[in-house]
Every structure is written in structure tokens, then in C-alpha cells.
Amino acid sequence: MEKTLRIKSILTEKPVNQDICVQGWLKSKRDSKGLSFLDVTDGSSLTGLQVIADESLANYHTDIAQLSTGCSIVARGQLVASPAKGQEVELHAREITVYGWAQPETYPLQKKRHSFEFLRSVAHLRGRTNSLGAVARIRSRLSWAIHQFFQQRGFFQVHTPVITTSDCEGAGEMFTVTSFDLQKLPRTAGAVDFSQDFFGRPASLTVSGQLEAEAYALALGNVYTFGPTFRAENSNTSRHLAEFWMLEPEMAFCDLEGDMDLAEELLKFLISDCLENCAEDMDLFARFIDKTLMAKLDNVLKHEFVRISYSDAVKELEKSGRSFAFPVAWGIDLQSEHERYLAETLFQRPVIVTDYPKTIKPFYMRVNDDNKTVAAMDILFPGIGEIIGGSQREERLEQLTARMVEAGIALENYQWYLDLRRFGTVPHAGFGLGFERIIQFVTGMGNIRDVIAFPRTPGSTAV
RNA sequence: UCCCCGGUAGCUCAGUCGGUAGAGCAGGUGGCUGUUAACCACCUUGUCGGCGGUUCGAAUCCGUCCCGGGGAGCCA
């Protein structure tokens, strides 16, 4: 196929008076006397390239005049400085070929703004819109930035398994993975006999790669895992997906302090990276999605995150004078309204809450010397709540075993995890970042279903 | 899963006290114009989310289910 220039590079490099070829989709067409203005996008940038097609083209009346939003074309011609306002350069077409038509009566995307709710019903086409296209580009950039951040710091990426047979990873309901014929389940004494299933035991989609990442942190030092994660929770909110992407770094020879430092550095890096490298797309969000976006991002970049212990946070909430719908008391987990008060009202910047009561946190978090709290940290962002949850891990075999017994976990399934403490255990720490949540924060998009291409939520799979 | 709100033309929505529906945009036709979400004129479009009920009569009232939105819980 003929080599074409991407519109993004045409708009930045402006190779005026050169013959070029572009391929893309029509965003709109405006007709004038004897010529048509085609607004062409190829997905490389928000701004499209204006292509001028005049009636001297052989197929002007047969093809060009019939073009409408969504049609795909290839255009060859000369790039020239534009005589009109609105664009610096434009392509004077010498030849235009139509790849594919898009009947305007049936093509769902119109030359106007659509609601995100509607666009969700055409998830396979919505990437062609300005806003969802911008989301997709920013998502890709953030993914790349994550790898860059960790690779620059000597972290190794570990591909942790998607299928797991750990029957409890301590994070919510799981999706079962089976090769059984569900109409004919083998049973012994009424119960399903998983010994006959594919893996010889119950298997699920992973709810976290953390435990496996720990194994490799205790081999390679610093690692991260970044991939799809599954939760079968019946969560119906703008912040939850059944399938989402999670980033989980894990560091050997690291305590909670180092964990928090890395998390803060990462979040600031990701925001800066987008502002620097996705300026055009970011401007779209700042203008049309959230007018306060730039101020919010600036606020995060400019300030040190507040670090406050759970115990002190509870004291702050108690003396706030606020009447919360849910009670505030030491030992009870913070509710959304409490987290929001801390991040949005009291401190008005990201807040890291540390050292939660051990009774409300998972077994793998390291018990502090007070024997009441664990070395945990949650990072709360204004507007979106918890964006990161992490901890120093319990590296002491005896304490870990005790906590697992307390939590009612079947030790026989976790011998490998306990081995990590039996053989050359070291202090280590890590955290989990919900990838879609950082995209939401960076773009200002209100619903998590609009920052992933094909969202999976209870009762709904797009495409 | 719980609470609240909503579902009317392809899209975004209006529809009063129960009397079989309307606007803007899109689309079509014509006109005009180096146009910028182009403009002007005319025209088309409906299982009023599904099912059941009340009523002479239901978009409107009641029940139920489905879907969407906001909030909560769970969490990332």
C-alpha cells in the first residue's frame, strides 16, 4: 500500500508545496460553489486536515458530492498554505478515491455532539469521535508512560497470570474459569467435582497480580505488573468495571515510606507526561469536559501530598463539626464522604492516609509495632476518591501465618506464598493503581465506562 | 445490591388537569456561498422502553420487568 503521511505530522511539519497522500475518514464536508471542503481525520490527532476537492476531479459529481460523515478516502495532491482562517495548511486534491461509504441515514455518528450514554451503545464506532478518540490516545500515552517510568528506574515488568487458582486473593468476588459443560456438571455428593475440571481444581480470573508480583520482587528486586484484572462485584458506579487494568509495582527492601514516595512520584509523572505530550487532546478536555481540569492537575503537581495516619484522620473528622451520614469512629473504615471531606474540603489536595486498623485490612499487610494497625496507605484524590491502595507487606512468617489463620484462609493453598517468607524473606512493599481511574482524573471524564474501549459492567458488555 | 431520577423521531429534548404527539439538530430536495458544528427555504420520520392493569379513552395513573443516569456499599 502506498506510503502516506499521518495527519499529525503534516500539521506539525507542514511540508508546503509538496505532493502528499493522506488516508482517513470524513468528519464533515462543506460544499461551496464548484468545490467541497473535506475535513479528514486519520486518528493521529484531534485536528483533521482540510482537503479541497474541486469539480475538476474526475469523480467529483459521482463520488465527492455524495461523501458524508464517516466515509473513508485516500487523497493525493499538493499541500498548500491555506488562504482562509481556521487552518494553516490544506491539501488541494488531485485525486480522491473512496474506500468505503457510510450511509448518512444509518451511520450513527452525526456531525454534532452526542451524549456519552449514546456513544456507549456504539462502542465500536465511538473512537471516531473527538472526545473518545482523545481518550484513546491519552490512554495509550499513559500506558507507555507507566512503562517508561518504571523501566527508567530499573523495574522489571512481570507478566502475572490472568488465570489463578488461589481461591482467595482478598479482593472481592471472582469470575470462575472452567472448561466444564455447564449443563452436565460432574458432582460428588451434590458438590461440583472440580478435580475433573481443566486445572483439577477451582480456577478464577485474577483479581490482583500482587501475590505473584511479590514472588518476583523477591527475585528481581523491583518489579511491576500491569494488565487486565477482573472483579465479579455487582458494582454499578461511574468508578467500577468488571474488567479493568491495574498497575501493581512491588519493591523488595522497601518500607511504607518508600512505597508512598514512589506512588506520589508516579502520579505526578503521569500527569506531567500527559500535559507535555498530549497537549492538544488535554485542551479538549479542559474546554469541553471539565473547565477546572487544568487547575485540578496543577494542584496535584504543585503540592506535596498530605500524609496523615488513619488515627489522626479520624480525629480530624471528629473535630470537623460535620454531621456525616455514617459515623466516624476508630476501627471503622472511612466512608466516601469522609474521604471526600479530607481530600476536597480539609486539605484540598491529594491525601495519603496511612496505618489503618488491621481489622479492616487484608492479611498480607504488615502489622505495626502497636499490634493494632498495619502499614497500609490509601491515596485519596479530590473528586475521585481512592486512586491507589498499597502497603508494606508482612514479611515475618509467624505474623503472616497468624493473620491468615485469623482471616480464615486455607494455608495449604498459600504454601508458595509462605515460602517467600521461609526462604530469604525481606521487607517489601507495593501498591495498586487503577489504570482507568488515573485516566479519569487526567481527562476529567466522569464515567469510567468512557475511558476504556469496550467496558464490561454488570449486565453489559459493549461489543 | 440499596436509595433517588429518567426512558417520547436517527440524536438532544418538550409534551399542562388522562382526550392517539412536537421543537432543534441529523437526513432528503432546492438555493447560496473559500467553507469552518457553514447558511436560507421546504419536506420526511414515532410499537411514546417491554408486559400487564385501571379507564369510554393512557406518553400521562397503578403494578412489574428491562435499560440508563446520580448517589451509596464493595473497591482500584
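The chains referred to below are lettered A, B, ... by the order of the sequence lines, with proteins before strands, and numbering in each begins at 1. Please read all numbers here as calculations on a predicted model, not as lab measurements.
Heavy atoms of Phe118(A) sit under 4.0 angstrom from primed sugar atoms or phosphate atoms, though from no base atom. Here Glu90(A) lies in heavy-atom contact (under 4.0 Å) with a base. Contact annotation for Ser115(A): backbone-only contact, meaning every heavy-atom pair under 4.0 Å involves sugar-phosphate atoms and none involves a base. Leu241(A) comes within contact range of at least one nucleobase, with a heavy-atom separation under 4.0 Å. Among the atoms of the strands shown, none is found under 4.0 Å from any heavy atom of Glu337(A). Across all strands, Ile388(A) comes closer than 4.0 Å only to sugar-phosphate atoms, never to a base (heavy-atom distances). Contacts of Asp31(A) with the nucleic acid, taken as non-hydrogen atoms under 4.0 Å apart, include base atoms. Gln87(A) comes within 4.0 angstrom of a nucleotide base, judged by non-hydrogen atoms across all strands.
An OP1 or OP2 oxygen of rG34(B) is reached within less than 4.0 angstrom by a side-chain nitrogen or oxygen of Ser32(A). For Ser238(A) and rG71(B), the shortest distance from a side-chain N or O to OP1 or OP2 is below 4.0 Å. At rU1(B), none of the side-chain N or O atoms of Ser235(A) fall inside 4.0 Å of OP1 or OP2 (strictly under the cut-off). For rG71(B), the OP1/OP2 oxygens have no side-chain nitrogen or oxygen of Ser336(A) closer than 4.0 Å.
The ring-ring contact (aromatic ring centres under 6.0 Å, His included) search around Trp144(A) returns none, not counting sequence neighbours. For Phe347(A), there are no ring-ring contact (aromatic ring centres under 6.0 Å, His included) partners at least two apart in sequence or on another chain. Taking His428(A) as the reference, nothing meets the ring-ring contact (aromatic ring centres under 6.0 Å, His included) condition, with sequence neighbours excluded. With sequence neighbours excluded, the residues forming a salt bridge (charged side-chain N to carboxylate O under 4.0 Å, His left out) with Glu436(A) are Arg139(A), listed by chain and number. With sequence neighbours left out, the ring-ring contact (aromatic ring centres under 6.0 Å, His included) criterion links His240(A) to no other residue. Applying the salt bridge (charged side-chain N to carboxylate O under 4.0 Å, His left out) test to Asp31(A) and every residue at least two apart in sequence or in another chain returns Lys29(A).
Annotation: ring pair (Phe, Tyr, Trp, His ring centres under 6.0 Å) contacts involving residues 429-461 of chain A, sequence neighbours excluded, comprise Phe226(A)-Phe435(A), Phe381(A)-Phe441(A). Pairs of residues two or more places apart, or lying in two chains, never qualify as ring pair (Phe, Tyr, Trp, His ring centres under 6.0 Å) while including a residue from residues 4-48 of chain A.
When each of rG34(B), rU1(B), rA76(B) is scored by its nearest atom to the side-chain atoms of Glu386(A), the top-ranked nucleotide is rA76(B). Of the candidates rG34(B), rC74(B), rC75(B), the closest approach to any side-chain atom of Arg437(A) belongs to rC75(B). Of the candidates rA76(B), rG69(B), rU35(B), the closest approach to any side-chain atom of Arg449(A) belongs to rG69(B). Side-chain atoms of Arg120(A) lie closest to rG68(B) of the nucleotides rG70(B), rG68(B), rU12(B). With rC25(B), rU35(B), rU1(B) as the choices, the nucleotide that has an atom nearest any side-chain atom of Ala84(A) turns out to be rU35(B). Nearest nucleotide to the His240(A) side chain, out of rG71(B), rA37(B), rC75(B): rC75(B). Of all nucleotides listed (rG71(B), rG34(B), rA37(B)), rG34(B) comes nearest to the side chain of Ile52(A). In the set rA38(B), rG73(B), rA76(B), the nucleotide with an atom closest to the side chain of Arg30(A) is rA38(B).
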Dot-bracket for RNA chain B, 5' to 3', with Watson-Crick and G-U pairs under 3.5 Å, [ ] for crossing pairs and | for other-strand pairs: what is it?
(((((((..((((.....[..)))).(((((.......))))).....(((((..]....))))))))))))....
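Atoms CG (Leu284(A)) and C1' (rA37(B)) sit 14 Å apart, rounded to a whole Å. Per the geometry, NZ belonging to Lys361(A) stands 11 Å off P belonging to rC74(B), to the nearest Å.
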Scoring nucleotides 40-46 of chain B by protein non-hydrogen atoms under 4.0 Å (B base, S sugar-phosphate only, - none) yields -------
Counting only pairs under 3.5 Å, give me each side-chain donor-acceptor contact of residues 49-56 of chain A, with atom names and distances, residues two or more places apart or in other chains.
residue  : atom : partner  : partner atom : Å
Gln50(A) : OE1  : Arg30(A) : NH2          : 3.2
Gln50(A) : NE2  : Glu90(A) : OE1          : 3.2
Asp54(A) : OD1  : Ser56(A) : N            : 2.8
Asp54(A) : OD1  : Ser56(A) : OG           : 2.4

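Checked against the 6.0 Å centroid criterion, the rings of Phe326(A) and His338(A) do not qualify as a close aromatic pair.
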Please tabulate the protein-to-nucleotide N/O contacts below 3.5 Å involving nucleotides 27-30 of chain B, giving atom names and distances.
none

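In terms of polar N and O atoms assigned as donor or acceptor, the side chain of Arg239(A) never comes within less than 3.5 Å of the base of rA76(B) in a complementary pairing.
A cation-pi arrangement is present between Arg153(A) and Phe149(A) under the rule of less than 6.0 angstrom and at most 45 degrees off the ring axis.
Within 6.0 Å of CD on Glu318(A) lie more than 12 heavy atoms contributed by other residues, nucleotides or ligands.
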